[in-house]
Amino acid sequence: MNRVFSLNDLTYILLATRWTVLLSLIAFAGGAFLGLIVALGRVSERRSFRFACATYIRLFQNTPLLMQLFLVYFGVNIVGLNIDPLAAAAAGLILNAAAFLGEIWRGCIQAIPPGQDEAGRAIGLSSWHRMWLIVLPQALRIAIAPTVGFLVQIIKNTSLASIIGFTELTRSGQITNNATFRPFLIFGIVALLYFVQCWPLSYWSRKLELRLGTDGKGT
């Protein structure tokens with residue numbers, strides 16, 4: 001018999017939001033670190049690095065994130081290692097985020113006029129120093145808006161972690177609905193909580209894009 005939806009149920013859902021936030025932060029931080037390596041590999045002077053990173057991006061951008069989470073979670077267990085749902089979800093989201101962030105940042109790096117790199121070469125800077133001292137600081141300015149926008153996608157993608165048993169916001173809604181059978185109310189609350197997390201970032205991303213784009217036109 002289904003019970004009445006109560007304040008305790010609402011509190012349970014609200015508290016589950018912290019796991020969504022935590023998973024999003026882990027996925028973004030790990031994805032950013034790996035994504036920078038992928039982006040630098042994509043613009044590397046070594047063909048083998050470019051090919052390896054391009055293959056990585058194609059693999060993760062053209063397969064469903066849900067399948068990637070399944071492969072991480074069940075694949076590790078098949079080889080005899082135990083992995084908890086949080087670690088599996090974090091690993092899957094990091095690998096996925098790195099592919100998208102790497103491609104976003106690759107585009108930002110290649111948007112810098114070649115003359116900037118040539119100027120560094122003319123004064124005797126190595127390729128490493130030209131990248132870190134000249135190209136990346138300028139690419140960072142271009143990358144801020146799309147990176148913030150992609151963070152919204154990461155937050156929404158964390159909902160798929162519920163499929164492998166991690167109790168974040170979506171999973172808490174499913175558990176509560178199974179006990180109370182109030183799907184419209186419960187998933188309406190869940191959707192609202194996602195909106196509260198995502199809309200400010202989407203708004204900020206649009207503002208950054210407009211501001212930085214306007215600044216760029218004025219230079």
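We count residues from 1, following the sequence as given. Note that this is a predicted model, so its numbers are computed, not measured. Hydrogens, waters and symmetry mates play no part in the numbers below; they use all other heavy atoms, side chains included.
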Exercise. Are side-chain N/O atoms of S6 and D9 paired as donor and acceptor at under 3.5 Å?
Worked result: yes
For this session: Kindly assign one of parallel, tilted or perpendicular to the pair F74 and F70, based on the angle between their ring planes and the thresholds 30° and 60°.
Result: tilted
Problem set entry | Which atom of N96 lies closest to which atom of F100, heavy atoms considered | O-CD1, 3.2 Å
Problem set entry | In one Ile/Leu/Val/Met/Phe/Trp/Tyr side-chain cluster, 4.5 Å: M67, I164 | yes
Exercise. Rounded to the nearest 0.5 Å, what separation is found between the CZ atom of R42 and the CD1 atom of I109?
Worked result: 10.5 Å
Problem set entry | Straight-line distance of E168 CD to T158 OG1, nearest 0.5 Å | 5.5 Å
Exercise. Angle class for the W19/F166 ring planes (parallel below 30°, perpendicular above 60°, tilted otherwise)?
Worked result: perpendicular
For this session: Flag the pair L66 / I163 as yes when at least one side-chain heavy-atom distance between them is below 4.5 Å, and no otherwise.
Result: yes
Exercise. Within the distance-only criterion (no hydrogens, no angle test), does the side chain of R211 pair as donor or acceptor with the backbone N or O of L208 below 3.5 angstrom?
Worked result: no
Exercise. Heavy-atom distance under 4.5 Å between the side chains of F28 and T147, does that happen here?
Worked result: yes
Exercise. L140 versus L136: any side-chain heavy-atom pair under 4.5 Å?
Worked result: no
For this session: Kindly assign one of parallel, tilted or perpendicular to the pair W132 and W128, based on the angle between their ring planes and the thresholds 30° and 60°.
Result: tilted
Exercise. Taking the side chain from S205 and the backbone from L201, do they hold a donor-acceptor pair closer than 3.5 Å?
Worked result: no
Problem set entry | Any residue meeting salt bridge (Lys or Arg N to Asp or Glu O under 4.0 Å) with E118, in chain and number order, not counting sequence neighbours | none
Problem set entry | Distance-minimising heavy-atom pair for T167 and Y12 | CG2-OH, 3.4 Å
For this session: State yes or no: do L7 and I186 share one hydrophobic cluster built from I, L, V, M, F, W and Y residues joined by side-chain heavy-atom distances below 4.5 Å, directly or via other members?
Result: yes
Problem set entry | I26: side-chain contact (heavy atoms from CB on, under 4.5 Å) partners, not counting sequence neighbours | L22, A90, I94
Exercise. Is there a path from L59 to L71 through hydrophobic residues (I, L, V, M, F, W, Y) whose side chains come within less than 4.5 Å of each other?
Worked result: no
Exercise. Roughly how far, to the nearest 0.5 Å, is CD1 of I37 from OG of S44?
Worked result: 12.5 Å
Exercise. Do I13 and I175 share a hydrophobic cluster, counting only Ile, Leu, Val, Met, Phe, Trp and Tyr and linking them when any side-chain heavy atoms are less than 4.5 Å apart?
Worked result: no
For this session: Any chance you could measure L193, atom CG, to I155, atom CD1, to the nearest 0.5 Å?
Result: 12.0 Å
Exercise. Hey, are the side chains of L93 and I154 touching, using non-hydrogen atoms and a 4.5 Å cut-off?
Worked result: no
Exercise. So do the side chains of Q68 and L95 get within less than 4.5 Å of each other, counting heavy atoms only?
Worked result: no
For this session: Look only at the side chain of S172 and the backbone of A16, and say whether a donor-acceptor pair between them is shorter than 3.5 Å.
Result: no
Exercise. Any side-chain heavy-atom pair from Q197 and T17 closer than 4.5 angstrom?
Worked result: yes
Exercise. Linking I/L/V/M/F/W/Y whenever their side-chain heavy atoms sit closer than 4.5 Å, directly or via other members, would V148 and W105 fall into one cluster?
Worked result: yes
Problem set entry | Gap between atom CD of Q153 and atom OG of S202 - 0.5 Å precision | 9.5 Å
For this session: Compare every heavy atom of V72 with every heavy atom of G92, then report the nearest pair and how far apart it is.
Result: CA-CG2, 4.1 Å
Exercise. Between R206 and E209, is there a salt bridge with N-O shorter than 4.0 Å?
Worked result: no
Problem set entry | L34 and Y56, any side-chain heavy atoms less than 4.5 Å apart | yes
Problem set entry | Rounded distance [0.5 Å steps], CZ in F5 versus OG1 in T176 | 6.5 Å
Exercise. Which heavy-atom pair separates I134 from Q116 by the least distance, and what is that distance?
Worked result: CG2-O, 3.8 Å
Problem set entry | Nearest heavy atoms of T170 and Y194, plus distance in Å | OG1-OH, 2.7 Å
Exercise. Is there a side-chain contact between V4 and T180 (heavy atoms, below 4.5 Å)?
Worked result: no
For this session: Work out which heavy atom in A139 is nearest to a heavy atom in I112; give both atom names and the distance.
Result: N-CD1, 3.7 Å
Exercise. Taking atom CZ of R18 as the centre, does the number of heavy atoms from other residues, nucleotides or ligands within less than 6.0 Å exceed 12?
Worked result: yes
